[in-house]
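Just the heavy atoms: all of them, side chains too, but no hydrogens, waters or symmetry mates, feed the values below. Order of the sequence lines fixes the chain letters, A, B, ..., with proteins taken first and strands second; residue numbering starts at 1 for each chain.
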Amino acid sequence: MEIPKAYDPKLAEEQHYSRWEARGYFAPEINHDPDAHVYSIVIPPPNVTGNLHMGHALQHTIMDVLTRYHRMRGYRTLWLPGEDHAGISTQIQVEKKLKKEEGLTRHDLGREKFLERVWEWKEKYGGEIIKQMRREGASVDWSRKRFTMDEGLSRAVREFFVKMYEKGWIYRGEGLINWCPKDQTALSDLEVEKVEKKDGKLYYLQYPVKGSERRVTVATTRPETMLGDTAVAVSPKDERYSDLVGATLLLPIVNREIPVVADDFVDPEFGTGAVKVTPAHDQNDYAMGQRHDLPQVKVIDSQARMTAEAGAEFEGLDRYEARDKVVAKFEELGLLEKVADYEFSISQCARCRTVIEPLLSVQWFLKQAAFGRKPLELMREKHQPRFVPENPYEKVYANWLEGLYDWTLSRQLWWGHRIPAWYDEAGNVFVARTETDARKAAGTHELTQDPDVLDTWFSSALWPISTLGWPDETEDLKTFYPTSVLVTARDIIFLWVARMMMTGVEFKGERAFDDVFIHGTIFDKHGQRMSKSKSNGVDPLEVFDKYGVDATRIVLASIGTTDTRWNDTQVESYRNFANKIWNAARFCLMNSEGARVGLGFEGDPKTWALHDRWIMSRLQKAARDVSASIEAYDFHAAVQTIYHFFWDDFCDWYIELSKSDVTATEASPARDAARGRALTVLEQALRLLHPFMPFITEELWQKLPGVGSELLHPAYKDAEPTVMLAGYPQAREELIDERAEGEIASIIELVSRVRNIRSELNLKPGEQVRLLIAAPDAAVRSVFESGAQQIARLVRASQVSVGESLDAPRASARAVLAGGAEVAVPLEGLIDFAQERERLGREQDKLQKEGARLEAQLSNPQFVERAPAEKVEELRQRRADIAQRTRQLTQTVEALSE
RNA sequence: AGCCGGUUAACUCAGUCUGGUCAGAGUGCCUGUCUUACAAACAGGAAGUCGAAGGUUCGAAUCCUUCACCGGCUACCA
């Protein structure tokens, strides 16, 4: 068979995906086992506006590894893909385009026309990420792809809203909400980020006490809001002000009379101990206002400009202009005590970074405290869902559920799910699943629907159930819910994970997912978060192009839960690994005539050659460990196990040990069997690798002679042969052979020591040597005797003699092996005796050091007394072995000195 | 302010839960090789007092305490 020397990932990447997809291998229906276990994942739906970045690639790889693994294990497996309409993001993107290309705003077009444009945009440009997933090899079921604004999912949203309204958990009312003056919409607390303001100022303003010369000084970071003050609060415990509680202050500039109130919120230690209270423009002040029944004076509007209520002088001014003016006024009035530098945090819109303005307005809210009660109980009582890693996420999640506040649901946007509430002319509200229902309830057709849409996360909260068909009790919902695992980033645990648990528990009575896997964050090489604005992002597609998808995937899988700095060199090393796999397969295929997968491991394992028993034992352990690691979400360990099994055990040793049999020039049943064994082990290794490296494994697997439907997992027996439906290797305990492993280990040690001698004495690789081996132990001797030919090949020896004792010329390089075997390489003329003594001396030093350490430990009576007996015995044996080897080395050195 | 995580070879990271062959891997570096599967490879080698200081223990990278630096999350300190 003709196979190129180097692996070209593109070839494999272009070949297989469309075939897998076309034949329906990604859909759960491919599984014909009626009793199959179910494994399901719903994708965290990427924004339609987005482009693939490393975080997605990481997340998708992990989901695909889990999906492919379970599929190969015979589970009825579903990985459901989809996209999120991403309210604000998408709307802004389309608005920008509109402005740029046609000079229009959304208001110029009107709501209906604008929404048409958004849909057009979505069809044309949206969902790039989803398309890119094919490139990643993601084995998602495209037939079940969902979009949050699909008719079905929209119906689920209305159902959710109506049910919650009927239950009294959703209500409409006035509240102090986060308002983004740029995006012109309300935001939930989770869409606001706190940013440290390093060059902040704290202004100390004096308010005169009515009917007295006294003044009360308040400290504030936002002087302009004083125009809306309706009280000053002090701590009830603060003796400095106790006589003032109940007094009246004259608010400067506006000359409003405001009371001094006592409230526990006030920290007497901070500032002056007196706090100005602006109920209409600050969360805390709002709460205090409620407690003390204070009036709310709105001085800032939705554009972040001062209102008429702020006074004629200020009306229309931007909030920052107003700030300067207020400060100037106070200075004029002699009421500005001081201005101090002060670091504090300000709230920004998480999207556009505009400073949030807390505003009083009428919005829709959801009482999350009530909604979150059951998920919290589920966590406390049953530890559901299980977080991976458990620490710190379980606690983070539970803590959040403990302190829930109302969720501002309404958004003053056009793109999204319109709130299913209608108003009659009298302003009565009718919440209903459809307008028809609302009319019925209202008894009139003269209704106006609420103009607002719902927070994007409202529909996301339903994702696991809505994508499976809820509110209908579909087969999919029955089969695939609850889902097996959610794989996501840590920054949306509250925004999304917790809320999916709330809806799942509420509407399905159980958890949305068994496990929640929180993956790590990928930073740039300087440890900076990758972002568009810093343009330090690494484009996964470029990495795919450069190193191949498989190499990138296996690196990403290894990252798992760790935060890591991205480094191309890791991918490069796995590109090399892919090439190694390619070439190992190339070797097997070039020597495959007469053989096929499955041939050569017949009969009683006791009759097999040592290296065959050994590789099978190693393979069983690898299969056992890889499965265990994947099930424990320890992808790093899984990758390490496969990597070392393939490269070290299979390539470095097994292929070399079996090479003479495999490459024998004469055809024979023995050669066929040797070839068959190599192919068989390779085939198993490809299966182990497949979830991580789907393309190269399929490419090579298809080339192997003897692969057919009989290798598929029984659940897929009617499918055409593909490695992705082959059974995942399961360890056969009876093939684990510790004795064989020990014996090969001694051959490996011998070979390595002789190679070391060759290297240190600068022997040319082509130069043949003679090997004299002495093994006092009969069993070890027999291992070396029967492996003599293989050993000769591995160390390039013309002759290998094995005996009970060593009868080597004085001019030999020597080494003492574990267990007391000795090896000598006669090198007449090449040995410098002094140098050789020195070399052996270094060996002695090493042994002596270890011996001394063991001796110290063993001569400590407390160790011998308290350590487990096995441990002590183990150390004694090591000590004995070292003592023996030291004696042998000493003799050798003495012999050289004669 | 509180809570949490990180700190292991020049670089990127395992190992810490369950203390004793755990001091590891890959990359890089040094030496030698194009040995007919693979130079994207092969063979050999050097390299870390496991952030610091205490403590517990027969024994600590691993458990406890304190500190330092970096990062994150939460918070109503105007």
Peer 1: At a heavy-atom distance below 4.0 Å, what parts of residues 630-643 of chain A sit against RNA chain B?
Peer 2: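 Only A/His636, A/Gln640, A/Tyr643 qualify.
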Peer 1: Applying a 4.0 Å non-hydrogen cut-off, can you work out what A/Thr562 is touching in the nucleic acid: base, sugar-phosphate, or nothing?
Peer 2: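 Touches sugar-phosphate only.
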Peer 1: According to side chain to side chain donor-acceptor pair (under 3.5 Å), does anything in residues 262-280 of chain A pair up with another residue at least two apart or in another chain? List the pairs.
Peer 2: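 Listed once each, the pairs are A/Thr225-A/Lys276, A/Asp229-A/Lys276, A/Asp229-A/Thr278, A/Asp263-A/Arg291, A/Asp263-A/His292, A/Lys276-A/Thr278.
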Peer 1: Is the positively charged end of A/Lys201 above the ring of A/Tyr342, judged by distance under 6.0 angstrom from the centroid and angle within 45° of the axis?
Peer 2: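 So A/Lys201 doesn't make the cation-pi contact.
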Peer 1: Please name all residues satisfying ring pair (Phe, Tyr, Trp, His ring centres under 6.0 Å) with A/Phe265, sequence neighbours left out, ordered by chain then number.
Peer 2: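 Partners of A/Phe265 under the ring pair (Phe, Tyr, Trp, His ring centres under 6.0 Å) test: none.
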Peer 1: Excluding sequence neighbours, so at least two apart, what forms ring pair (Phe, Tyr, Trp, His ring centres under 6.0 Å) with A/Phe494?
Peer 2: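 Here the qualifying residues are A/Trp400.
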Peer 1: Taking any heavy-atom pair under 4.0 Å as a contact, classify A/Pro868: base, sugar-phosphate, or nothing.
Peer 2: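 Base contact - A/Pro868 has a heavy atom under 4.0 Å of at least one base atom.
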Peer 1: Roughly, in whole Å, what's the span from CG in A/Leu556 to P in B/rC13?
Peer 2: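 Rounded to the whole Å, the gap is 13 Å.
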Peer 1: Counting only non-hydrogen atoms, which of residues 847-857 of chain A are less than 4.0 Å from RNA chain B?
Peer 2: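 By residue number: A/Gln857.
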Peer 1: If you look at every heavy atom in A/Thr61 and A/Arg553, which pair is closest and at what distance?
Peer 2: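 That would be CG2-O, 3.3 Å.
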Peer 1: Does this structure show an ion pair linking A/Glu767 with A/Arg796, if we count only N-O contacts that are shorter than 4.0 Å?
Peer 2: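 Here A/Glu767 does not pair with A/Arg796 in a salt bridge, since their nearest N and O are not under 4.0 Å apart.
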Peer 1: Return the set of residues passing ring pair (Phe, Tyr, Trp, His ring centres under 6.0 Å) with A/Tyr393 (not counting sequence neighbours), or none when no residue passes.
Peer 2: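 If we apply the ring pair (Phe, Tyr, Trp, His ring centres under 6.0 Å) test to A/Tyr393, skipping adjacent residues, there are no hits.
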Peer 1: For A/Tyr547 and A/Tyr574, run ring-ring contact (aromatic ring centres under 6.0 Å, His included): C-alpha distance rounded to whole Å, both residues' side-chain angles, the deciding distance at 0.1 Å, then the answer.
Peer 2: CA-CA 8 Å; A/Tyr547 302 105; A/Tyr574 280 97; over 10 Å; no
Peer 1: How would nucleotides 31-45 of chain B be written as a contact map, 5' to 3', with B for base contact, S for sugar-phosphate-only contact and - for no contact, using protein heavy atoms under 4.0 Å?
Peer 2: --S-B-BBSBSSSSS
Peer 1: Verify the ring-centre separation between A/Phe695 and A/Tyr7: is it less than 6.0 angstrom?
Peer 2: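 That pair fails the under 6.0 Å test.
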Peer 1: So if I apply the side chain to side chain contact (heavy atoms under 4.5 Å, CB included) rule between A/Glu337 and each of A/Val218, A/Leu205, A/Thr217, which one comes out positive?
Peer 2: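 Considering A/Val218, A/Leu205, A/Thr217, a side chain to side chain contact (heavy atoms under 4.5 Å, CB included) with A/Glu337 is found only for A/Thr217.
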Peer 1: Can you tabulate the close N/O pairs, meaning under 3.5 Å, that link protein atoms to atoms of nucleotides 2-6 of chain B?
Peer 2:
none

Peer 1: Let me have a per-nucleotide readout for nucleotides 73-78 of chain B, 5' to 3', with B, S or -, counting only protein heavy atoms under 4.0 Å.
Peer 2: -S-BBB
Peer 1: I'd like to check the ring pair (Phe, Tyr, Trp, His ring centres under 6.0 Å) partners of A/Tyr203; sequence neighbours left out, ordered by chain and number.
Peer 2: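 Result, ring pair (Phe, Tyr, Trp, His ring centres under 6.0 Å) vs A/Tyr203: none returned.
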Peer 1: Enumerate the salt bridge (Lys or Arg N to Asp or Glu O under 4.0 Å) contacts for residues 573-591 of chain A, please, sequence neighbours excluded, ordered by first and then second residue.
Peer 2: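 Of all non-adjacent pairs touching residues 573-591 of chain A, those that pass salt bridge (Lys or Arg N to Asp or Glu O under 4.0 Å) are A/Glu572-A/Arg575.
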Peer 1: Hunt down any stem RNA chain B takes part in, defined as 3 or more consecutive Watson-Crick or G-U pairs whose two distances are each under 3.5 Å.
Peer 2: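 The stems that RNA chain B takes part in, listed by first number, are B:1-7 with B:68-74, B:10-13 with B:24-27, B:29-33 with B:41-45, B:51-55 with B:63-67.
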Peer 1: For A/Tyr643, which of A/Phe635, A/Phe692, A/Phe577 qualifies under ring pair (Phe, Tyr, Trp, His ring centres under 6.0 Å)?
Peer 2: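 Exactly one candidate clears the test, A/Phe577.
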Peer 1: Whole-Å distance between B/rC11 C1' and A/Asn567 CG?
Peer 2: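 One finds 7 Å between C1' of B/rC11 and CG of A/Asn567, rounded.
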Peer 1: In terms of the angle between their ring planes, are A/Tyr397 and A/Phe387 parallel, tilted or perpendicular, with boundaries placed at 30° and 60°?
Peer 2: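 Answer is tilted, since the angle falls between 30° and 60°.
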